[in-house]
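The model shown is predicted, which means the values in this text are computed figures rather than measured ones. Side chains are part of it too, since the values below use all heavy atoms of this structure and drop only hydrogens, waters and symmetry mates.
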Amino acid sequence: MEGHSLIWTLLLALCCCGNQVEVGASRLLSRMMPRVPEGWTCQNENIGGLSINLTDLSGYWYEVARVPNVDVLACLNVSVPAEAKNENLSLGLNYISTVNNDWQFTNESLSFPWDNETQHGLFNLDYGIATVTYKVVYVNYSSVALLCGFSSISPIPLFKLFSREPEISQQARDVIQYVANTYNVSDQIAWEEQSPDGCNGSALSQAPLAVLVGLIALLWCLSFRKQALS
């Protein structure tokens with residue numbers, strides 16, 4: 001349940017920072033913020049379902065934060081086209097694999113059928129041994145987008161916060177961190193590396209999807225470790 005409350009953390013930051021509310025005021029808002037409804041999960045059918053305006057969504061999006069805090073990739077950015085072609089939506093991905101501290105630059109393309117699910121912000125990734133589903137639960141086309149997700153082999157909730165800018169303001173980060181501390185989930189947030197110096201590279205890896213598949217495997221292992229310790 002604590003992991004699920006991250007969606008409230010991030011949504012609060014989006015609302016506060018979008019209106020230029022000072023961090024001090026956001027602390028007052030955090031005490032007024034409703035708790036996560038019991039039983040909330042990203043799998044619920046009433047979660048997500050936003051109608052996506054592809055023209056407004058098009059362009060570059062940078063991952064600035066994610067949950068859980070698993071160090072397997074950095075510098076993830078996604079390019080979204082202004083229209084689907086041949087009933088398919090093709091997303092361009094650029095990222096760096098950081099598995100075993102071995103940075104490998106990768107670019108690839110992911111294709112989704114432009115059907116009713118995708119048009120309403122639901123993206124299914126099938127890796128054979130597992131599936132991962134992401135849902136767009138909040139989007140401001142000019143600034144930020146928030147996704148929740150889940151895997152078929154792990155109960156750990158997934159969250160991704162994307163921004164139009166490579167790095168969010170310190171104010172936004174402070175708000176997210178403050179409310180995360182309130183919910184005792186700050187250690188679950190991974191702040192994404194997006195600095196120009198850290199993300200520039202010339203060599204490209206030849207292993208498409210290796211990072212994402214590795215992430216699934218790590219999440220699965222973390223899940224069983226958590227169960228064993230409980």
Side-chain angles (χ1 to χ4, degrees), residues 6-7 9-10 13-14 17 57-82 89-112 121 123 125 127 132-149 151 154 156-177 180 186-219 221-222:
L6 252 296
I7 192 169
T9 299
L10 298 179
L14 296 174
C17 298
L57 189 67
S58 65
Y60 284 94
W61 292 90
Y62 300 87
E63 184 185 54
V64 293
R66 66 176 177 270
V67 173
N69 188 355
V70 181
D71 185 16
V72 293
L73 70 137
C75 304
L76 173 62
N77 67 77
V78 180
S79 60
V80 181
L89 176 65
S90 182
L91 303 179
L93 275 67
N94 288 277
Y95 58 87
I96 299 175
S97 167
T98 59
V99 177
N100 297 324
N101 293 319
D102 182 19
W103 281 44
Q104 295 187 7
F105 295 84
T106 303
N107 60 13
E108 59 178 293
S109 177
L110 287 180
S111 184
F112 299 90
F123 299 87
L125 300 168
Y127 299 103
V132 177
T133 298
Y134 281 104
K135 296 180 179 180
V136 179
V137 293
Y138 176 88
V139 62
N140 180 319
Y141 293 110
S142 64
S143 56
V144 291
L146 176 64
L147 284 68
C148 72
S151 166
S154 172
I156 299 174
L158 312 174
F159 293 97
K160 287 182 176 290
L161 179 63
F162 287 90
S163 171
R164 285 293 193 184
E165 300 295 330
E167 295 178 318
I168 61 174
S169 69
Q170 187 61 48
Q171 180 191 17
R173 184 163 174 161
D174 287 345
V175 171
I176 293 174
Q177 199 67 52
S186 59
D187 60 340
Q188 297 182 31
I189 301 176
W191 295 103
E192 186 68 271
E193 168 65 67
Q194 289 288 0
S195 67
D197 290 340
C199 293
N200 287 333
S202 56
L204 294 178
S205 168
Q206 299 300 316
L209 296 180
V211 173
L212 297 179
V213 173
L215 175 58
I216 296 174
L218 285 171
L219 292 175
C221 293
L222 287 173

Closest approach of [X] and [Y], non-hydrogen atoms and distance?
X	Y	value
Leu91	Val78	CB-CG1, 4.1 Å
Pro166	Val64	O-CG1, 3.6 Å
Trp191	Ile168	CZ3-CD1, 3.7 Å
Pro81	Ser90	CD-O, 3.3 Å

Please tell me if the side chains of [X] and [Y] come closer than 4.5 Å, counting only heavy atoms from C-beta onward.
X	Y	answer
Ser109	Leu93	no
Leu161	Leu147	no
Leu158	Pro68	yes
Gln194	Cys199	yes
Ser97	Leu73	no
Cys148	Lys135	yes
Glu108	Tyr95	yes

So, using side-chain hydrogen bond (donor to acceptor under 3.5 Å, both in side chains) as the criterion, who are the partners of [X] when residues are at least two apart?
X	result
Ser79	none
Ser163	none
Ser195	Glu193
Ser143	Asn140

Those residues that, when tested against Phe112, pass ring-ring contact (aromatic ring centres under 6.0 Å, His included) (two or more places apart):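 Result, ring-ring contact (aromatic ring centres under 6.0 Å, His included) vs Phe112: Phe123.
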Looking at residues at least two apart in the chain, or sitting in another chain, which of them share a salt bridge (charged side-chain N to carboxylate O under 4.0 Å, His left out) with Glu63?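 Applying salt bridge (charged side-chain N to carboxylate O under 4.0 Å, His left out) to Glu63 gives Arg66, Lys160.
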Verify side-chain contact (heavy atoms from CB on, under 4.5 Å) between Leu110 and Leu125, making sure each step is shown before the conclusion. CA-CA 9 Å; Leu110 287 180; Leu125 300 168; 4.0 Å; yes
Residue of the set Ile96, Asn94, Thr106 for which side chain to side chain contact (heavy atoms under 4.5 Å, CB included) holds with Cys75: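 Of all the options given, the one that passes is Ile96.
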Which residue is it: Trp61, Phe162, Tyr62? I am looking for the one with a side chain to side chain contact (heavy atoms under 4.5 Å, CB included) to Leu76.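 That would be Phe162.
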